[in-house]
**Q** 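To start, I am sharing the structure in question, which I have written as structure tokens.
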Amino acid sequence: MTRFLSFGQDARRIAEADSVAVIGLGRFGTSLALELMDSGTDVLGVDADEAVVQALNGALTQVVRADSTRMDVLQQLAIGDFDRVVVAIGSDITASILTASLLLQLNVPVIWAKAVDEQHGAVLEQLGVHKVVYPEKDMGRRVAHLVRGAAADYLEIDKGYAVVKTIAPQFLHGITLTEGAVRRTHNVTIAAYRGVDGEWRNAQADTVLGDGDVVLVVGPTREVERFAQLR
Ligand code: ATP
């Protein structure tokens with residue numbers, strides 16, 4: 001408990017900056033926290049397991065061992081001062097729901113929570129959690145599209161609408177995008193391209209693609225997938 005008490009001041013300082021608290025530092029929480037750190041966001045990491053906390057010590061702005069299902073602990077950590085908190089506890093559904101409920105009581109403006117399945121997600125949504133994510137389901141779907149098609153990368157923006165990264169098909173080599181009439185004939189938009197110099201650029205009407213160029217294509221899922229099959 002002394003640790004939580006002494007931590008309160010630090011947590012408050014972190015909370016003032018552009019910062020995020022991540023509760024639960026399993027594979028998902030850790031990867032999320034490290035990515036946030038990498039992009040310059042301060043992160044307070046919280047986990048009940050001392051070994052997990054030790055392993056991440058120094059990698060996050062602050063890491064504390066604490067049980068997030070206790071209101072007094074969350075208050076000591078000044079979690080209510082954070083604008084964004086992520087509940088990354090998955091398999092312990094009770095702990096996930098209890099934590100989310102306490103964060104709502106603390107009026108955290110934006111709460112993200114990971115759900116392991118639809119039922120878990122439905123409860124979190126009913127509680128009022130603002131953003132519920134399904135990392136395993138989403139990744140499974142994403143990989144399915146990669147396995148199915150020829151895309152180098154794939155991201156579904158919303159149901160039925162996606163972005164893919166793929167090789168510029170031959171029919172576009174040496175002509176402008178306007179001449180290629182991709183929108184009219186394939187119902188997709190080429191948003192950007194990477195030339196042989198390795199630089200990404202926004203695609204323009206007069207962009208001319210060549211052998212080895214990579215394109216970022218946006219449009220309805222079926223159409224972008226079909227486009228990614230073209231060679
Ligand atoms: P992942 O798939 O991301 O590895 P998971 O879905 O298996 O994680 P859990 O094992 O439930 O998720 O939890 C992830 C982390 O959350 C663990 O490191 C665990 O110690 C921590 N955790 C679980 N309950 C609590 C709690 N009440 N307070 C703080 N941390 C907790």
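We count ligands from 1, going down the list as the structure has it; atoms in each ligand are counted the same way.
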**Q** Is there a salt bridge (Lys or Arg N to Asp or Glu O under 4.0 Å) between Arg142 and Asp153? Walk through the geometry before answering.
**A** CA-CA 9 Å; Arg142 184 163 174 216; Asp153 208 348; 2.6 Å; yes
**Q** Compare all side-chain heavy atoms of Phe227 with those of Val182 and state whether any distance is below 4.5 angstrom.
**A** yes
**Q** Counting from 1, what ligand 1 atoms have a heavy atom of Asp49 closer than 4.0 Å?
**A**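 Those atoms are 20 (O).
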**Q** When you measure from atom 2 (O) of ligand 1 to every protein heavy atom, which one gives the shortest distance, and what is it?
**A**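 That would be Arg27 NH2, 2.9 Å.
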**Q** For atom CZ of Arg201, is the number of surrounding heavy atoms from other residues, nucleotides or ligands below 6.0 Å larger than 12?
**A**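 More than 12 heavy atoms, drawn from other residues, nucleotides or ligands, come within 6.0 Å of this atom.
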**Q** Report yes if some heavy atom in the side chain of Val133 is under 4.5 Å from a heavy atom in the side chain of Trp112; otherwise report no.
**A**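 Yes, side chains in contact.
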**Q** Output yes when the distance from some N or O of ligand 1 to some N or O of Asp92 is under 3.5 Å, and no in every other case.
**A** yes
**Q** Counting from 1, what ligand 1 atoms have a heavy atom of Gly24 closer than 4.0 Å?
**A**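 Contacts of ligand 1 toward Gly24, numbered from 1: 15 (C), 16 (O), 21 (C).
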**Q** State whether Glu156 and Arg141 are salt-bridged, where the test is any N-O pair (Lys NZ or Arg NE/NH1/NH2 against Asp/Glu carboxylate O) under 4.0 Å.
**A** yes
**Q** Okay, side chain of Asp213, backbone of Gly210: is any donor-acceptor separation there less than 3.5 Å?
**A** yes
**Q** Specify the closest pair of heavy atoms between Ala113 and Val129, including all atoms of both residues, with the distance to one decimal.
**A** CB-CG1, 3.8 Å
**Q** Specify the closest pair of heavy atoms between Lys114 and Ser96, including all atoms of both residues, with the distance to one decimal.
**A**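 It is O-OG, 4.4 Å.
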**Q** Between ligand 1 and Ser96, can you find any atom pair, the residue atom being a heavy atom, that is separated by under 4.0 Å?
**A** no
**Q** Among all the protein's non-hydrogen atoms, which is closest to atom 30 (N) of ligand 1, and how far away is it?
**A**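 I find the closest protein heavy atom is Ala48 N, 3.1 Å.
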**Q** Quick check: does any side chain N or O of Thr176 sit under 3.5 Å from a backbone N or O of Thr207, one acting as donor and the other as acceptor?
**A**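 No; zero donor-acceptor contacts below 3.5 Å.
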**Q** Got the closest protein heavy atom to atom 10 (O) of ligand 1, with its distance?
**A** Ser91 OG, 3.3 Å
**Q** Could you identify the single nearest non-hydrogen protein atom to atom 18 (O) of ligand 1 and state the distance to 0.1 Å?
**A** Asp47 OD2, 2.7 Å
**Q** At less than 4.0 angstrom from any non-hydrogen atom of Ala66, what atoms of ligand 1 do you find?
**A** 28 (N), 29 (C)
**Q** Specify the protein heavy atom at minimum distance from atom 12 (O) of ligand 1: its residue, its atom name, and the distance to 0.1 Å.
**A**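 Answer, as residue, atom name and distance: Gly90 N, 3.1 Å.
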**Q** Looking only at heavy atoms, is any part of Leu25 under 4.0 Å from ligand 1, and if so is it the side chain, the backbone, or both, or is it neither?
**A** backbone
**Q** Who's the nearest protein heavy-atom neighbour of atom 6 (O) of ligand 1, and how far?
**A** Lys114 NZ, 3.0 Å
**Q** May I ask you to identify the nearest protein heavy atom to atom 22 (N) of ligand 1, giving residue, atom name and distance to one decimal place in Å?
**A** Ile89 CG1, 4.0 Å
**Q** Output the list of atoms in ligand 1 that are nearer than 4.0 Å to some heavy atom of Thr69, sorted by atom number.
**A**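 Once the distances to Thr69 are compared, the set is 27 (N).
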**Q** So which heavy atom in the protein is nearest atom 3 (O) of ligand 1, and how far is it from that ligand atom?
**A**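 The closest heavy atom on the protein side is Phe28 N, 2.8 Å.
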**Q** Quick check against the 3.5 Å criterion: does Asp47 have a side-chain atom that pairs as donor or acceptor with the backbone of Leu25?
**A** yes
